[in-house]
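Labels below follow one simple rule: chain letters A, B, ... track the order of the sequence lines, proteins then strands, and each chain is numbered from 1.
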Number of protein chains: 2
Amino acid sequence: MATGRTHRPATRSRGIPEATVARLPLYLRALTALSERSVPTVSSEELAAAAGVNSAKLRKDFSYLGSYGTRGVGYDVEYLVYQISRELGLTQDWPVVIVGIGNLGAALANYGGFASRGFRIAALIDADPAMAGKPVAGIPVQHTDDLEKIIKGHGVSIGVIATPAGAAQQVCDRLVAAGVTSILNFAPTVLSVPDGVDVRKVDLSIELQILAFHEQRKAGEEALPDGLPASAAAARENTDKGPDGDVPAVMPA
Amino acid sequence: MATGRTHRPATRSRGIPEATVARLPLYLRALTALSERSVPTVSSEELAAAAGVNSAKLRKDFSYLGSYGTRGVGYDVEYLVYQISRELGLTQDWPVVIVGIGNLGAALANYGGFASRGFRIAALIDADPAMAGKPVAGIPVQHTDDLEKIIKGHGVSIGVIATPAGAAQQVCDRLVAAGVTSILNFAPTVLSVPDGVDVRKVDLSIELQILAFHEQRKAGEEALPDGLPASAAAARENTDKGPDGDVPAVMPA
DNA sequence: ATGTCTTTGTGAACGTGTGCACAAAGATTG
DNA sequence: CAATCTTTGTGCACACGTTCACAAAGACAT
Ligand SMILES: NC(=O)c1ccc[n+]([C@@H]2O[C@H](COP(=O)([O-])OP(=O)(O)OC[C@H]3O[C@@H](n4cnc5c(N)ncnc54)[C@H](O)[C@@H]3O)[C@@H](O)[C@H]2O)c1
Ligand SMILES: NC(=O)c1ccc[n+]([C@@H]2O[C@H](COP(=O)([O-])OP(=O)(O)OC[C@H]3O[C@@H](n4cnc5c(N)ncnc54)[C@H](O)[C@@H]3O)[C@@H](O)[C@H]2O)c1
């Protein structure tokens, strides 16, 4: 998420905030569920509850797309599903390649929710010659040597990287050189890409570490009931190591 | 970030901004790499480059933790690794359970970067009786019936949900009732949890859809001011066909 | 038509995050 | 010790995001 902000004077409401874009798939999911239950219309309050957001936020989000609601009634479910799908570019099918068919890559390939949302696995690619030709999720794995040919042959613009971290940048470079302009990276590495290429990352460790941070905070707060956040301040004070750093300067373990 | 009622902004203590917390693991990763190369000190500029962020942002982030740098020199790598680890609560080992040992759950269990970052897989849990006792990643899978016993026995406070969407809320409720207060959710559902429980989600489809949005914008910027009639909307709603895929989120009435 | 009732769409206030730019701190050199 | 050089830590301004609160739009009943 570092796409150079195209400073568009907003001729029309064409500038949808990034935070809104990130929530559209959430709305779409909730709306699809309603659609399957043949619910004709939904209010911002109901839909917001289903998507787990504030209703005012939802209404403002939709206002960036246009005025698709009816006052006093709500939103037409089918119509909104279509509008959001169109906005997200899901009315077309996006061919996707997955590179690195190990534990994670195979799980991704087997993931059903992939195809049901506008994405199609065009190819699976791995560097291991022993894997070449072996089918995973019904799709034969192809060798990295053919990466460029595969990308260009299928007109792939979205790539998923599930290789070890050490190989990720190299794979990324090849993908980009072959024409991929959007990358979803599962490897724990920072990827550098040229302007115009989007990278999003999914990192399990980071998520867990964020949870651990809050978990620790919760555990420390139990001591003082309803009190002021003196503990945090005190803990930080400690780091003002005295003249002789009594705090170990080396990490244990 | 927590789902459910967020009326209370969660004790906005003298705390570290959420955006900063989310970057600390990134810094930690970069610092660990430097540490392994025995680099003694690093400047904000260098470290920022390695972590893929702006150096001013990095310095401001660190300023919330304390004054750990030396002007004219930079930051002591080992010391900073320790301080960030401590802040994130990684100086202790967090036992984690994974519920739902299918394609994804098994991949997560096999993921090495788990243990190397302060987390330990305490148990693997699945509802399939056929899986009980079978080892995955060297750990025998246990049945859901024993979920509460397992959680309490190991003092687990972090749970990972990798079940189908339809089972996620139910699993979540049981985890929370058993004492789990942090959940990492891979199922495409909005989880409701009581106050005090943190939920973070990882959703592949959402990431891909966000990429598709930007991809579409990049590709089709030449024309199409749209304005499609509503009739076209009704004509195309055939996008859903998930035979099993993910069970759509149920709406709380 | 008129009135009432529901719910949208949005202006405005507020909160959070980002990045510039620079004074101050400390290392280092002469 | 003073001068110089490097790099931190942060004040400030601005951009972005969230939430409140309410006028206006439209449905629906009478
Ligand atoms: N498994 C998880 O749950 C998980 C979680 C978070 C992050 N990750 C990350 O995802 C990545 C993959 O994890 P995994 O568990 O599947 O690892 P894995 O070792 O099982 O699979 C890696 C695959 O990548 C292939 N590969 C290696 N170099 C390649 C190259 N240059 N080009 C193409 N393919 C190449 C290997 O042959 C192998 O099949 C790792 O970076 C890991 O850190 C995994
Ligand atoms: N595989 C992926 O790459 C991927 C990507 C994104 C999201 N997801 C989501 O992750 C989840 C798991 O995906 P998967 O591909 O591993 O599915 P899967 O069907 O392979 O595995 C699901 C596992 O959960 C177990 N399970 C079902 N109900 C349970 C319950 N009540 N308690 C405990 N265990 C239960 C099943 O026995 C099975 O082993 C799904 O919600 C999926 O939508 C998967």
Side-chain angles (χ1 to χ4, degrees), chain A residues 1-10 12-13 15-24 26-27 39-77 79-80 83 210 236 239-240 243, chain B residues 1-3 5-24 26-27 31 39-77 79-80 83 210:
Chain A
M1 133 186 203
T3 317
R5 195 92 186 105
T6 336
H7 32 322
R8 196 192 329 273
R12 282 181 62 184
S13 62
I16 300 177
E18 192 58 32
T20 294
V21 172
R23 281 188 294 268
L24 291 181
L26 223 54
Y27 302 144
V39 176
T41 63
V42 67
S43 71
S44 64
E45 205 70 52
E46 293 166 324
L47 185 54
V53 303
N54 178 297
S55 72
K57 195 191 294 188
L58 178 142
R59 287 197 300 276
K60 180 145 288 190
D61 282 343
F62 286 173
S63 78
Y64 293 115
L65 309 185
S67 273
Y68 295 147
T70 305
R71 295 173 190 228
V73 174
Y75 300 91
D76 181 282
V77 171
Y79 186 60
L80 202 47
Q83 289 298 344
I210 294 170
R236 185 153 322 105
T239 62
D240 268 9
Chain B
M1 205 63 195
T3 337
R5 296 285 158 270
T6 341
H7 279 76
R8 165 168 276 169
T11 323
R12 184 120 314 276
S13 55
R14 289 204 104 333
I16 303 173
E18 193 57 32
T20 295
V21 172
R23 281 188 294 267
L24 290 181
L26 223 55
Y27 301 145
L31 284 164
V39 176
T41 63
V42 67
S43 71
S44 64
E45 205 70 52
E46 293 165 325
L47 185 55
V53 303
N54 177 297
S55 72
K57 195 190 295 186
L58 178 143
R59 287 198 299 277
K60 180 149 292 188
D61 283 342
F62 286 174
S63 78
Y64 293 116
L65 309 186
S67 273
Y68 297 148
T70 304
R71 295 174 190 227
V73 174
Y75 299 91
D76 181 282
V77 171
Y79 186 61
L80 203 46
Q83 289 298 343
I210 295 171

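For DNA chain C, no neighbouring residue in residues 40-51 of chain B is found when judged by any heavy atom under 4.0 Å.
Note that the CG atom of A/Leu47 and the OG1 atom of A/Thr41 stand 11.0 Å from one another [nearest 0.5 Å]. For the atom pair CZ of A/Arg23 and OG1 of A/Thr20, the computed distance is 5.0 Å after rounding to the nearest 0.5 Å. Taken from CD1 in B/Ile16 to CG in B/Leu65, the straight-line distance is 5.0 Å, to the nearest 0.5 Å. Distance check, rounded to the nearest 0.5 Å: CG of B/Asn54 to NZ of B/Lys60 gives 10.5 Å. In this structure, the separation between CG on B/Asp61 and CZ on B/Arg59 is 11.0 Å, given to the nearest 0.5 Å.
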Checklist entry - Taking protein heavy atoms under 4.0 Å as touching, what does nucleotides 17-30 of chain C look like 5' to 3' if B marks base contact, S marks sugar-phosphate-only contact and - marks none? => result SSBBB--BB-S---
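Across all non-hydrogen atoms, the minimal contact from B/Leu31 to B/Val77 is O-CG1, 3.6 Å. Taking both residues in full, the closest heavy atoms of B/Ser55 and B/Ala48 are given as CA-CB, 3.5 Å, listed atom of the first, atom of the second, then distance.
Using a 4.0 Å heavy-atom cutoff across all strands shown, A/Tyr75 reaches sugar-phosphate atoms only and no base atom.
Spacing between atom CG of A/Leu58 and atom P of C/dT8 amounts to 9 Å, rounded to whole angstrom units.
Screening B/Tyr79, B/Tyr27, B/Tyr75 for a ring pair (Phe, Tyr, Trp, His ring centres under 6.0 Å) with B/Tyr68, the sole residue that qualifies is B/Tyr79.
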